[in-house]
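Right, one structure below, let's go through it.
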Amino acid sequence: MINLRSATLADLNLLRYWDEQPHVIASDPNDEWGWEVELERCPDWREQLIAEIDGRPIGFIQIIDPLREDSHYWGDVGENFRAIDIWIGEQTDLGKGYGTQMMRLALARCFANPLVIAVLVDPLASNTRVHRFYERLGFKFIEHRCFGDDECFVYRLNREDWHCESEAYV
């Protein structure tokens, strides 16, 4: 069973290491996370989480309020959305269902707030494997969009669709 906990400065070396893994670079090639600074900041619009199995870190999740986050990465976004970044740290942990479990936990966290109407994700346009992953979770393709140098697909999961999808797993 996967548990989520807040990322701390004690995770700095692990997150730097994961950032150097080829599969992580391939999914997020142009981002510099600035872990030294970001792990010490705790804005109320963001959660940075480490996913663990039996105390072993396996991945990272960031959940933000895209309207309130300070870089305005998402641009003009309405109220009551969340956006998620997620990755598995080790190549050997891919394909084991961990990402699905992590996303379900992250989505439950997002939709626990009754005001949240939808969740956004922005995988690279070239990453067809992750497109299928999000679609299986109920996300719908919204648009092709460039974020800096990254060509991405924007996907959205509405609360209504999440409830329908999540009930199938109860």
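Values reported hereafter were calculated over all heavy atoms of this structure, with side chains retained and with hydrogens, waters and symmetry mates removed.
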Q. So how far is it from Ile50 CD1 to Ile2 CD1, rounded to the nearest 0.5 Å?
A. 12.5 Å
Q | Residues which pass ring-ring contact (aromatic ring centres under 6.0 Å, His included) with Trp74, listed by chain and number, not counting sequence neighbours | A | Phe147
Q | For Pro57 against Gly55, the heavy-atom pair lying closest together | A | CD-O, 3.4 Å
Q | Euclidean distance, Leu157 CG relative to Arg82 CZ, rounded to 0.5 Å | A | 14.0 Å
Q: Look at atom CD of Glu151 and say whether more than 12 heavy atoms of other residues, nucleotides or ligands are closer to it than 6.0 Å.
A: no
Q: List in chain and number order the residues that pass salt bridge (Lys or Arg N to Asp or Glu O under 4.0 Å) with Glu38, two or more places apart in sequence or in another chain; answer none if no residue qualifies.
A: Arg41, Arg46
Q: Could you tell me which residues satisfy ring-ring contact (aromatic ring centres under 6.0 Å, His included) with Tyr155, sequence neighbours excluded, listed by chain and number?
A: His131, Phe141
Q | Heavy-atom side-chain contact between Lys96 and Gln101 under 4.5 Å | A | no
Q.
Could you check whether atom CD of Glu143 has more than 12 heavy atoms from other residues, nucleotides or ligands sitting under 6.0 Å from it?
A. yes
Q. Honestly curious: do Val154 and Leu67 fall in one hydrophobic cluster under the side-chain, below-4.5 Å linking rule?
A. no
Q) Under 4.5 Å between any side-chain heavy atoms of Leu49 and Met102, yes or no? A) no
**Q.** Verdict with reasoning, Phe139 to Leu107, per side chain to side chain contact (heavy atoms under 4.5 Å, CB included)
**A.** CA-CA 11 Å; Phe139 282 84; Leu107 291 169; 4.0 Å; yes
Q. To the nearest 0.5 Å, what is the distance between CD (Glu90) and CG (Leu14)?
A. 8.0 Å
Q. Would the number of heavy atoms belonging to other residues, nucleotides or ligands and lying under 6.0 Å from CG of Asp70 be above 12?
A. yes
Q. Rounded to the nearest 0.5 Å, how far apart are CG of Asp65 and CD of Glu47?
A. 11.5 Å
Q: Go through the structure and list residues passing salt bridge (Lys or Arg N to Asp or Glu O under 4.0 Å) with Arg5, not counting sequence neighbours.
A: Asp11, Glu52
Q. Which atom pair, heavy atoms only, marks the closest approach of Gly59 to Trp18?
A. N-CH2, 3.3 Å
Q.
I need the minimum non-hydrogen distance between Ala106 and Leu4, along with the two atoms involved.
A. N-CD1, 4.4 Å
Q | Phe60: partners by ring-ring contact (aromatic ring centres under 6.0 Å, His included), with sequence neighbours left out | A | Trp33, Trp35, Trp87
(Q) To the closest 0.5 Å, what do you measure between SG (Cys110) and CD1 (Ile64)? (A) 10.0 Å
Q: Please examine the side chains of Asn127 and Phe133, heavy atoms only from C-beta on, and report whether any two atoms are closer than 4.5 Å.
A: no
Q. Among Thr8, Leu12, Leu9, which one satisfies side-chain contact (heavy atoms from CB on, under 4.5 Å) with Glu40?
A. Leu9
Q.
Quick check against the 3.5 Å criterion: does Glu69 have a side-chain atom that pairs as donor or acceptor with the backbone of Ser71?
A. yes
Q: State whether Arg156 and Asp161 are salt-bridged, where the test is any N-O pair (Lys NZ or Arg NE/NH1/NH2 against Asp/Glu carboxylate O) under 4.0 Å.
A: no
Q: Search all heavy atoms of Ala83 against all heavy atoms of Pro66 and return the closest pair with its distance.
A: N-CD, 3.9 Å
Q: Of all the heavy-atom pairs spanning Gly89 and Val24, show the shortest one and how long it is.
A: O-CG2, 4.3 Å
Q | From CD1 (Ile88) to CG (Asp93), nearest 0.5 Å | A | 6.5 Å
Check residues 113-124 and write down every donor-acceptor pair under 3.5 Å in which the side-chain atom is one partner and the other belongs to a residue at least two apart or another chain.
unit_1, atom_1, unit_2, atom_2, d
Asn113, OD1, Leu115, N, 2.8
Asp122, OD2, Tyr73, OH, 2.3

